[in-house]
Amino acid sequence: MLELIARPLTHEAFATFGDVIDSRGTASFPINAGRTQRHHDLASVELLGEGARPLISLFVSQPVSLPLEIAHLERHPLGSQAFMPLHEERFLIVVAPPGDVIDPGQVCAFVTDGRQGVNYHAGTWHAVQSVLEREGEFLVVDRGGPGNNCDEQALPVRVSLS
Ligand SMILES: NC(=O)N[C@@H](O)C(=O)O
Ligand code: NI
């Protein structure tokens with residue numbers, strides 16, 4: 001069993017796996033007569049393959065118990081997948097870089113601070129949505145359309161917060 005301690009999510013540490021979606025510390029410009037700041041183009045939406053189309057969904061998730069024990073990671077080879085909490089929910093992230101075989105030595109665990117969302121790049125291995133402490137509601141943007149867009153690979157992992 002791979003044992004991991006989740007570390008705080010940062011743009012830099014997550015760059016291999018995808019994008020962190022956060023208005024704090026990101027560039028913006030005024031729109032709507034200056035009433036709004038647009039934090040523009042924070043994540044790359046990838047929609048690959050014939051007939052691909054973007055999906056906007058809401059996930060209502062029940063909290064996971066800690067330590068989090070997972071049996072596999074999944075990947076979406078045909079598109080990115082973004083999760084944005086709607087009520088400052090914190091969640092756990094377990095990821096590995098794209099590639100046909102997961103290297104256990106490259107698996108990373110992160111914990112968000114409630115304000116952060118993430119966008120997994122196409123092919124990034126990840127654990128399924130794992131909200132902490134209370135029921136969570138997430139805006140999800142990912143890829144719809146024909147073709148297999150979800151591969152799984154067995155990898156027993158136990159994740160703790162400290
Ligand atoms: N199955 C589904 O839509 N969600 C997963 O891909 C996930 O990462 O939670
Ligand atoms: Ni997924």
Side-chain angles (χ1 to χ4, degrees), residues 1-11 13-22 42-104 106-161:
M1 172 84 72
L2 182 62
E3 303 266 358
L4 296 174
I5 303 291
R7 53 189 162 129
L9 180 68
T10 67
H11 294 266
F14 197 70
T16 304
F17 311 107
D19 314 289
V20 174
I21 305 169
D22 191 342
L42 296 178
S44 57
V45 180
E46 298 162 291
L47 304 170
L48 309 173
E50 185 68 32
R53 68 186 184 89
L55 301 178
I56 292 180
S57 307
L58 292 174
F59 282 25
V60 178
S61 298
Q62 297 311 308
V64 296
S65 308
L66 292 176
L68 173 65
E69 298 204 357
I70 57 176
H72 71 272
L73 298 183
E74 65 172 35
R75 69 175 175 182
H76 307 300
L78 298 179
S80 55
Q81 187 173 52
F83 293 89
M84 193 68 204
L86 298 183
H87 313 291
E88 296 206 18
E89 300 91 338
R90 299 196 315 152
F91 60 102
L92 277 183
I93 294 164
V94 182
V95 285
D100 286 340
V101 179
I102 298 172
D103 172 359
Q106 291 193 298
V107 180
C108 296
F110 299 98
V111 57
T112 68
D113 67 3
R115 293 279 303 275
Q116 299 163 311
V118 290
N119 178 56
Y120 300 122
H121 288 167
T124 288
W125 292 100
H126 58 279
V128 298
Q129 215 288 324
S130 302
V131 69
L132 293 169
E133 294 135 2
R134 58 188 164 95
E135 179 178 277
E137 187 175 22
F138 294 81
L139 179 72
V140 178
V141 180
D142 56 6
R143 186 257 190 207
N148 170 55
N149 191 31
C150 190
D151 300 329
E152 293 183 355
Q153 193 166 126
L155 188 82
V157 184
R158 181 180 295 125
V159 187
S160 307
L161 286 184

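If you're wondering where the values come from, they're calculated on a predicted model, not measured in any experiment. For ligands, and for the atoms within them, numbers begin at 1 and follow the listed sequence.
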**Q.** Neighbouring protein residues of ligand 1 - any heavy atom closer than 4.0 Å
**A.** F59, E74, H76, Q81, F83, H126, V128, Q129

Q) Should V107 and W125 count as side-chain neighbours, where that means a heavy-atom distance under 4.5 Å? A) no

Q. Do V118 and F110 come within less than 4.5 Å of each other through their side chains, counting heavy atoms only?
A. no

Q) Hey, are the side chains of M1 and E69 touching, using non-hydrogen atoms and a 4.5 Å cut-off? A) yes

Q: Can you list, by chain and residue number, the protein N, O or S atoms under 2.8 Å from the Ni ion (ligand 2)?
A: E74 OE2, H76 NE2, Q81 OE1, H126 NE2

Q | 4.5 Å side-chain heavy-atom contact, E89 and E135 | A | no

Q.
Quick check: closest heavy atoms across N119 and S44, and the distance to 0.1 Å?
A. ND2-O, 2.9 Å

**Q.** L132 side chain reached by L92 side chain, heavy atoms, under 4.5 Å
**A.** yes

Q: Decide if atom CD of E50 counts as having more than 12 heavy atoms of other residues, nucleotides or ligands within a radius under 6.0 Å.
A: no

Q. Side chains of H121 and D19: does their closest heavy-atom pair fall under 4.5 Å?
A. yes

Q: Ignoring hydrogens and angles, state whether a donor on the side chain of E74 or H72 is under 3.5 Å from an acceptor on the partner side chain.
A: no

